[in-house]
Structures are given as structure tokens and as C-alpha cells.
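For reference, the structure is listed below as C-alpha cells.
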Amino acid sequence: MSQSKFTKGKAPVLSRRRVLHAGMGIAGATLIPGLGGIGAVHAQDKPAMGTWPAGSQGSSVAIAAMVPLTGTYAVQGADELKGWELAVEHINTNHPLMKTLAPKINNGVLGKKVVLKHADSAAKPNQALQAAQTFINQDKVILMTGSTSSAVAVAMNKFAQREKILYMPGISGSNDTTGKDCVRYSFRQGFYGEMAANAIGPVMVKQFGKNRKAAFMTPDYTYGHTTTKSVMDYLTKEGGWTVVTNQVSPLGTQDFSQYLTNIANSGAEFLINVNWGRDAVLSSQQAKQFGLLPKMTLVLPYQIPFMAKEAGPEITAGVLAATDFWWTLEDKYPLAKQFVEAFQKKYGYRPEWGAENAYVSFAHWARMVTEAGSFYPPDVIKQWEKGETIPSLLGDVHYRPQDHQAVRPVILVRGKAKKDMKNPEDFWEVIDIVPGDKVIQPPGEFGCKLGDYT
Amino acid sequence: MFSWGNFISQCFNGLVLGALLALISSGLTIIYGTLGVLNLAHGAMFMLGGYAGWVAYTQTGSFIVAIMAGALFVMLVGVVTERLIIRHFYARPAEDQLLVTFGLGIVFVETVRFFFGSLSKTVPPPALLSGITPLGFMVYPTYRLALLGIVTVALLVLYFILYRTRIGMIVRAGIEDAVMVDSLGINIQKVFMLVFGIGAMAAGFAGIVNAPVVAIAPDVGDAILVQTFVVVVIGGVGSFGGAVLGGLIAGQIISLTSMIDPAYSYVMLFVAMTLVLVLRPYGLLGTAGRE
Amino acid sequence: MPTRQRPYIVEILTALALIAAPFVLPHLGFAPTTINRILIWGLVGIGFDLLFGFTGLLSFGQAAFFGTGGMFAAYLLTQTPFSNTIAAAFVGMIVAGIIGYLIGLLALRRTGIYFAMITVAIAEVFFFVEFNPLSAYTGGENGLPGVPPPNLNLGFTTLTFDSNWEMYGFFAFWYFVGLVIALRIVRSPVGLLLRAIRDNPLRAQALGHNIHSYKLTVFIVAAMYSGFAGSLLAMLQGFMPPDAFMFATSGEIVMQTAIGGAGWLFGPLLGATVWLFLADFFQTTLNLGATWKLVLGIVFVLLVVFLRHGLVGAIVDVYHLVRPRKSATAPTVDAGPRPSLAAARTSPPASELRRKRTTGSTGPILEVTGLTKRYGGLVANSDIDFRVDHGEIRGIIGPNGAGKSTFFKMLTCEVIPTAGKIVFDGRDITTLGVADACQLGLTKSYQINQLFDRLTVRQNLAIAALGEIRGKFKLDLLKGVSKVAGLDAQIESTAALVHLGERLETPVSDLAYGEKRRLEIGLALATSPSLLLLDEPLAGMSPQERVETVALLKSIAHGRTMIVIDHDIDSLFELVERITVLQEGRVLVEGTPEEIRTNAEVQEAYLGGIHDEAGAA
């Protein structure tokens, strides 16, 4: 690409950088989007791939979110979607928060407005893939997102690699997403099973002591299996705990009484519930009905947005959980405060970590694209793989080039009793902010092989 | 791993689940036996009962009102559905009936999702029935014990209606021979409407009384529907006794297999159904008459 | 439906449509992957339509085969060094076929709604097994990602179909192959028998066909279509989803077929087109979010309520509205005066019609001893001894409830006796099935017409004749029905005999009652029986029709053994040589018409009552 020439109308993408570098005013910058449709220049060494360059030749670029709006993870999906919507709005309007996270945005990225397309995935890989294919065909999307089930994330990973289109999972707790099923084209912002286990494990051993007996409840797919394994490994190796039973249930189970009866008769002192979404709500509620709670102590290694709201503080009070974000962190982090305020203003409630992860993921993508100055996927990936330290809502973070995982803090929270809640959304108390590099496994430990750029 | 405490607890689980399945299945089987229509929207009716009850509960705070609302609303839905749609399908092939009820099931589920979202809703058990009851050898949720009683009473009422009243007599005669009942000058149209209503009500009632146990969501009826089929196939299509027996058997199979490995509980349920089909093709209490 | 005049019109039109689709559909807003997906659903639908539209078996369990075939192929392609996608798809298809055979053995024990419920339940087992015990192979909830796009190994080079339109070519080719095969099946004798099973399974069986084996065959074929399509899905997406096993998948197949129209083979393709287009449109264009399913559900219910035969059916109905169907108008225009006795005399002699060989030609052809049938406490027949000789025409009379029909049902092996023995042509057939009895040369015409109402007279007679020509079961799936040796001759001579020679192409539903009665007898005749049972052949006929039918029966009787039940004593006395009188399930008396007429016992016990009844009828 010819970087030196400022040819009006011929290479708007590049001219934009120069405009910004030159420090020209907004008036000048706003002229540019109108010139966007004329066509990008791409040199011989950058052959067409995936939706490039077709996807970035119009006046806007499209992002596709495949998000569960029905089924077990519907509640969390709806929250994530709001996070993405807000991020796109902020990218297109130069919101100060977004401007901090991705300074080179200018009412869009590289002179193009960002358009968000979304479809219901029902947290099913198949439905997500179908929707993604449709968006690729119709809208030439240049970024895909959405999972809320690691089964979707893993499938989308492989799909993204095949189609050569960038992908950022939404919520995905499986170690495999940036482990054995990692791909070159996918980057994960959020925390996951292994990080959660290494963050919550020491606190559990310290607070509850060594040689305790725990029962696990695990959803039967990659997130459940890897997260349970990570937590189990930590507790048995570092704390000498015994796992008396691990009840594996299918995603979308309604009645947990059989599983709970087995746990009731297992002699466990702790109930470590890895279930997620509605499964977590139902299983915890039913555990209470069966008298397992509060007899046993409930632990949620991978916190579930809105669980406290759905199940009520009578269940979550005193419960230890690891999470990506909790809104009271606004007291400590100014960016978090900006985000919570903007979100609450638009949607009328305080965001949970699904929305936070969604927002930050897009901010990071916008940053990488604008820094790279190109939509060409390998350029963007290489920018990301520089591993630069970049801001997030919770301080500085960086992405590891080896597995494309963000090294970011894990938040430990404890459920508040109803009487201690200062407002109707004050469900959790932040007890620790564990730095990411303390809890992340060495790169390559989970067998990540990223694959090709082209 | 094996312990008697767990065994007995699981038997109890099985009994509660079985009674519930028996009630839902008997609704399905009465409709089928009398009208010859297999209602694929039966699972959705179960779900509707839960939601109607939940709405009533949030308005009044009374569990009794919730139960009545759940049962009566679904009965009304059943009657209206029969009048508006199902009625026109009696003369059409069985396949058309399956298709239209399948479609209705989707419409019910998605309508509820449209109005109430996907968020699960909970109806708490009445204060009197919440908490845990120690039974000596184990503790058990009080409401689940009560549920066993509630469902048993409901089944007895249904039995009474079917076997001790005039309408029941007509219904059972209708199961034997609809043409004959017609020729006796009984207004079979009204009877059919009532039967559809009663069958739907059984599902709706089960839906609301189960709501304190399993939180309700739009798709809560889907899994129930398939289990109900298995129960009906095991017990014998069109047989009230078969539905009850099949329900109880299914409940025990699911629970007792769970003790060893919950992953296999449904597989075992279907294995049992296969066995029944091979050994007694018309179900345990079914007869060859209806197909 | 394929017509006789233009045999390959459907194939040609389909090929043209498949070629035109990539140039037309994108302008209507279809994405290429959506079109590819439509082809895959359409392919599943072809098999499903053979099962549902042609054979009348509504399965809600196709997901089991779709998933199994796809999973097997995906496993081969992702977890083993195997890389030939076409071979993998065929392996997936064969595995699905084997699974289909096993499930079919179980599910086909029952029919109708029971069959539907069993297929649902069995498909659920597959779902659970795939999800849990086999998750090491199938990936459980994760599915199997990383399936390569389709390729074709030509020896010297390997073609890979990785872009959307390359894949379209690949899928369209297989869809076309699938359609051509299905059309051949439909046009084969087996295809005709499948429709016979759909319209009237009991009669199909009574005409000597092993309907269970045919049902199992089509069940396996449908499973293979599903399995192959499942493999293609894995290649299209590069991912084999566990969702393929879910009830929703089976439901979608059923709904798409119902929307498109069953019984046309390409109905499911049309249904899938509408379905996927609307799903895309509601979601991505109208942004309905989760509401899309509600709208589609309502659309579906309305379609089922108002469009009984789906979109294809609606198009055909409109076409017929514009251009009235020829065959429907034919009877009033060309049939002319009703066939009369004169016509009967000009018809070919019945001896031209074939008749199964029997071991002997004199002495008893049928010998019954101590035949008893009890239903619970009710005794229908009790200790009947009965004997008919070669060439004899026997009448059976008796008041209502005398057990005549039960007796016939036992003779034709429709009902197994509680006690006693039936020997036909020297062979004990007491516990034989009805199809076997027919194959031996013993068949019955029914008291109430048992015809294949949606088929033509020719097809009806063909179904009957095929039993004799092809035997109980034959897998000539790809052979044209018109190429079956001797079939047309048998149909035409039978039709001529029962005076339906002019009406061969008329659908049965358009026949007059008397014509249907004659066809009923014609069906039995076309099986070339050596012993023909006629259950009230004159029932419901006008006096004029009775005279004609008696003449017809007389002409048939030539060189044939017959047993006739009827209430019309006068006609019967004219027709038969000997009469057996049944009363309360027992043989009251037996003798020549003259003996019976003058028998005091018969007069007292029977004749007094029957005249009143005849008057009432």
C-alpha cells in the first residue's frame, strides 16, 4: 500500500491516518466517510481473503453477533448484546470512554461507521454457525462475536479460521477456547476456568482450610469439563481436598433432584457449582429445596450474570465466586465508572460482566484495527500479537501472542445478605482483584497451536 | 458409592417425578383415547399452566389462586383451541392433526416468550409447605412431599370424573366407539370439547404445581412432552391406568439409574420402552383396538 | 406426478431449475449458504417424502439418521487420516441405513400415531447416547469442528469445493442424483406398493404383498437419504453440530415437508426454501430477534389449517381450477351408457385370465375341520367342518351375526382361529399370514370396498396383479412398473372382465358405486386366485346392477372355485351349486339350493328374518 501519498478519494483509509496525524479538526475528518465507498487499494501481496476487501469497501463495516436470545443462556446473552450495542454506538460517536480505550477511532474506524448485526444462537453451535454464514454472505462482516457457550466459541473459532474472518468470543469459560482449540483468527478478552480456579482456589483453601470434601456440579460440555478440572486440580493438589462426587448434567437440565440427591448422600461439605445460566439458577434453587444449602457451602467458580437477581440473595449470600467484572469496581476504576454510568443511562440497570466483556472486546478490536490502519485481517492480527499493554475498564491488560488470550485481572466476590444490600443491584462485595499474570497458566500448557495467517 | 439412604431418597424422587408424569400423561391419553388426536402441544399446555399460575401468584400472592388460575386458564385454552382449530381436524388424517398440534405448541411457547421473555420465573411454595421435612432416614423438601399428595389427589379426582360420572361414562364409551356414542344421541361435539379441556387442564395443573420445584421457562414443556410419550407407550395408549402405571415406572427408572450415572437415566427409560414394545406391543395396559 | 407421455419431464425441469438457481435466487435475497442449506434439507426431504408422502409413515425421528450419518462422516474426516469426503458421505449413508434397519424393526411394529411417538422416543435415545456415552467420539455438546469442505479425488488431482458456489455445484449434483433415484423408486413396482400401503395397508397385504418388508425398505431408504445429507451438512459448515440429533431437527423436516407439500418429492425443497428464507428474512432483515419463531409458528399453523397439501398442492389445485383435470370430467363425457349385459357378452372369456396352478384338479381344494373362533367370552365360530371341491361354486348364507365374515377372515388367514385346521390345496394354512394365503391362490373380495382411493383403476389392478407376478417381496426399486412382464396384459384382461376397460386411467375416487364394486372384485381376480371368496358382492347394489353382477360372476366362475356370501338369496340360488347355512357360528345345514329352499329348519331359523332385512336395505 502506498503510505506516502495523500490522494483524495483514492485511498481514504490511509488518508484518514494522515488527517488525524496532522491534527486536523473534526470538520476535516467528517468529510472522509463520504469518500469511503470509492474503494480500497490493496497491493499484490494482500490477496482477497474471507470478506476482505469486500467487507470494508462500503461506507460502513459490519460486525455479526451470534447471541443466545432463547434457551438456557438467554438472559446472559441479552446483556452481552447490550454491551456490544453500546460499544458500537460509542465507536461511532467518539464517546470519551471509547476514545480512551481506542484513541484512534473517529466517529467510526478507519473512516467507516460500524454496524452491528445480530441473530439468536440459542447457545447452539449449529444455529450460531448458520447465522454467521448468512451474515458473511449478506453483510460481508469483518468481525464475528458471540458465544456464551464455549461449545459455540470452539465451533466459531474453527469456522473463523476456515473463513479467515476475525472472531472474538463473548463469554466463554472453557480453557480450550484459547487452549487446544485456539486459532489464529480468534482473541479472547474474558477470563476462563483455569484463571478462575487459580484465583478462587487460594482463597478457598485459606478461608475453609485444607482436606475438605467437595461435590461438583458440572455442565456436560467443554466449559464445564475444563473448568471443573482446573478447580479440582487446584483444590486436590494445593489444598488436599477430596472430590466426593462430580454430577455431570446436560446443558438445559430442568430438574436436578436426582443429581442433588446423590450429592446429599455423598458427605460433601462444599457444593462447587460450575453450572451456568439458567442451569445454575435452577440447580442452586433446588439445592436449597433439598436442604443442601445452607448445610453445604456454595461456591461459584465462574460467576453467572443475573444469577443473584434470579435466585435471590437468600441463595447467593456468603457465596464465593470468581468473575470478570462487578459494577462496584467503579469506585476504584474511573473507566469502569464511566461504563457503568453510560450503560445504566441507556438501559436502566447496571451492567454485569457479560456486557463488560462485550464492550471491552469491541473496544480492543477497534483499537487494533485503527492502530494497524488496515482491515486486512493479518495486519490486524499482527498488531494484536505485538502484545502491547492497553487499557481496559480494570486497568492495563495485554494479549499473549502465543494463544491470543488477554492477561487481565480476575475479580473475587462474595454474595451480600439482603440486609447489607445498599440498592436492589448490590448483590456482591468485591473481596479481591487478582492480577491476571498471577493466575494464568504458561502459554502452550493447554496445547494451543494457532494456525496460519492466510 | 451405594448407600441405602441414597437409594430410598432416589426412590422418593422417582415417586414424585412419576406421579407428575402420570398426571400429565393421563391428560394426553384421555384426549387421544376419546378424540383420536395426539396433542403435540401438550408440553406447551404444561408450560402455560405454570405461567398462568405465576401471573396469578404475582397478582394475588396466593398459591391456591395460582393453582386454580393455572388449571382453569389452560382448560380454557384447551376448549378454545378445540373449538377453533382441532375440531376441523377430526375428519382429516392423523398426520395433519400431528402437524397442527405441533405448530400450536410452537406458537404457545413463542407467545409466552414474547410476553414474558426467556428469564425463568419462580413460584415459591406456600410458607406452610416450604422448608425441609426430616423423615428419619433422610431429609426431604416439604413441598415435594406435598406435591406427591397434591398430584395423587388430582389423579383420584380425574379417576372419579372418568369412572364415576356420566360425562366419564360417555368419555370411556367414546374411547370404545365414537360412532356408537354419537348414535346414542349424545352431543359428542360438546363432549369432545370438554374432554380436550380436561386433558389440557391436567397438563396445566401439573405445570403450576410443579413450578415451585422447577422454575418455569418457555421451553419447560419440551422435555416433558417426549417423556410423556414414553410413559404413554409403556402404559398403553388411551389407557388411564396405563398412564399412571407408566408414569410411576418411568419415574423410578430415571431416578434409580441416576444413582449410578445420571447420564444414562434417559437412555434407560427408552430401553425400557423398547422392551415393552417388543414384549407387549400395545403397552402394559393397552389393547389392540386403537392405533 | 410423472406422466406416461413425458417420462423425464420432472428430471429435466429439476435440472434446469438447479442450473438457474444460482443466477436467480441471489436476486431474491437468498444468500449462497442459504441455498446450499436448502439443498441439504431438500435431500433429507426426498427420503422423508418417500416415507411420509408416499407410504404414509409420519416419522418424527429423522434427526437420528441425519445426525448419525453426519457424525460418522465428520468423525472419519476429522479424527482419522481419512480424507475422501465423498467416500465419507457414503459411509455415513450406509451407517444411517443400518441404524434405520434396526430402528425400523422396532418402530414398524406399530403404525399411525404410535409409530410417530416411537420414532420421537428412539430419536431421543440417539440424542442422549450421542451426548453422553459417546461424547468421546462425537464431541458431545461441542460437536465436531474442523470438517473439510467437499473434495473429489480424480486420481491425478483432487478438486476441492471450498467457495459457496463450488459447494453449490457439489450439493446440487447430489440433490439431482437423489431426486433421480427417488423418481425411479416412485415409478417402480415398489413405489406403487408404497402408495398402496399408504392408502390401504390391509388390502395391500391381502393382495399378497409383504407390506412390513416394504415399509422397512422405505424406512431404510429414508434413513440413507438423511444420513447422506447429514454428511453434506458437516462439509457445508465445516462443523458437525450435535443439534442435528435434536427433536427440533426432526420437527423442521416434518414442517418443511408439510409446508412444501408431501407426495411430490420436491415439496420439501420448496418447503425448505420458504422456511429458511423466512427465518433469514425475519431475523436479519426485519430484526425480529427471538420473535421470528413465533411468526414462523403462526405461519405454519395457518398453512396446515388452510393449505392441506402444502404449497405444491396449492399450485396443483390452482392449475386444476384453471384447467380442469381431464380424467375428472371423463366419466360424464366419454363413458357413455353404463356397461350392459351386451357388453358383458363381448368381453373376453374369463378363462383367458390367469389362474394359479393347484396341485390337484379334482377332489377337495379347501378342507376345514373343527374351526372355532372366540373373542374373549364371545364365540364367533364354533366347530365348523367345511369342504369345497375343485371347480365348485359354494354359497354361504346366514342371518346377521351368524359368523359368516369371521369365517371368511379365518379362511383368508386375516384372523387366526382359536382352534381347528384349514387345509388349502393339500397344505395346512391355519396359521399362515394373509399375504401368504393370497400368494397360494386364495383371496377375497370385501364386503365393504377396500380400494386404493387415491390411485387410478389401472394402478389398483396393477397392485393386485403385481402380487402374483412378483411374489410377496421383491426389491426391484429401480425398475419401471410398466416394464414388468405380463403386467399390462393382466390388468387389461381383468379390467375387461369387470367392464372397467374404458376407465383404466380414472382415479378410484371418481368411480360410481357400482364401478367400485366391480373393481373390488377385479382386485381379487387380478391376483389370479384358484379359490376366490366373495363377501357380499351384491351389497348395496340396485336390482339392475345385481343382475349384471351375477352375470359377471357367472362368467368369472368358469373353471374357478368360488365361495360366495350374500344376503340376496335369489341371486345366490341362481349362481351357486351348493349352499352352506350358518347360524350362531355353527353349520346349520348344507345342500343344493333346492334342498335349502325347502328345508324347514332354514325357513324357520333364517329365511323368515332375512326378508324383512332385505326390505329395509
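This one's a predicted model, so the numbers in the text were calculated from it and none came from an experiment. Note on naming: letters A, B, ... go to the chains in the order of the sequence lines (proteins, then strands), and numbering restarts at 1 for each one.
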Roughly how far, to the nearest 0.5 Å, is [atom2] of [Y] from [atom1] of [X]?
X: C:F239; Y: A:M156; atom1: CZ; atom2: CE; value: 10.5 Å
X: C:L276; Y: A:T134; atom1: CG; atom2: OG1; value: 8.5 Å
X: C:K293; Y: A:D120; atom1: NZ; atom2: CG; value: 8.0 Å
X: A:S150; Y: C:N142; atom1: OG; atom2: CG; value: 8.5 Å

### Query
Side chain, backbone, both or neither: which part of C:M246 has a non-hydrogen atom closer than 4.5 Å to chain A?
side chain

### Message
Please classify the contact of C:N164 with chain A as side chain, backbone, both or neither, using a heavy-atom distance under 4.5 Å.
### Response
side chain

### Message
Applying side chain to side chain donor-acceptor pair (under 3.5 Å) as the test, list every pair that has at least one member in residues 21-40 of chain C; sequence neighbours left out.
### Response
A:Q133-C:R37, A:N137-C:T33, C:T34-C:D280, C:R37-C:Q237

### Summary
Highest number of heavy-atom pairs under 4.5 Å with chain A among C:P32, C:A244, C:G146, C:P148 belongs to C:P32

Taking atom [atom1] of [X] as the centre, report whether more than 12 heavy atoms of other residues, nucleotides or ligands fall under 6.0 Å from it.
X: A:K164; atom1: NZ; value: yes
X: A:F187; atom1: CZ; value: yes
X: C:F82; atom1: CZ; value: yes

### Message
Which one wins on heavy-atom pair count under 4.5 Å against chain C: A:D181, A:L129, A:I136?
### Response
A:L129

### Query
Which members of residues 72-80 of chain A, sorted by number, sit under 4.5 angstrom from chain C on a heavy-atom basis?
none

### Message
Suppose we screen for side chain to side chain donor-acceptor pair (under 3.5 Å). Which residues come up paired with A:R184, at least two apart in sequence or across chains?
### Response
A:E385, A:Y453

### Message
What part of A:A123 gets within 4.5 angstrom of chain C, counting heavy atoms only: side chain, backbone, both, or neither?
### Response
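When you check distances to chain C, only backbone atoms of A:A123 fall under 4.5 Å.
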
### Task
Could you tell me which portion of A:Q130 (side chain, backbone, both or neither) has an atom closer than 4.5 angstrom to a non-hydrogen atom of chain C?
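For A:Q130, heavy atoms of backbone and side chain both lie under 4.5 Å from chain C.
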
### Query
Taking only residues two or more places apart in sequence or in another chain, which ones pass ring-ring contact (aromatic ring centres under 6.0 Å, His included) with C:F131?
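Partners of C:F131 under the ring-ring contact (aromatic ring centres under 6.0 Å, His included) test: C:F127.
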
### Message
On a heavy-atom basis, which atom in A:Q138 and which in C:G29 lie closest, and how many Å separate them?
### Response
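Scanning both residues completely, I find the closest heavy atoms to be NE2-O, 3.6 Å.
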
### Task
Quick one: closest heavy-atom pair of A:R162 and C:V147, and the distance?
NH1-O, 3.5 Å

### Message
In the structure I gave you, are the side-chain heavy atoms of A:V154 and C:P145 within less than 4.5 Å of one another anywhere?
### Response
yes

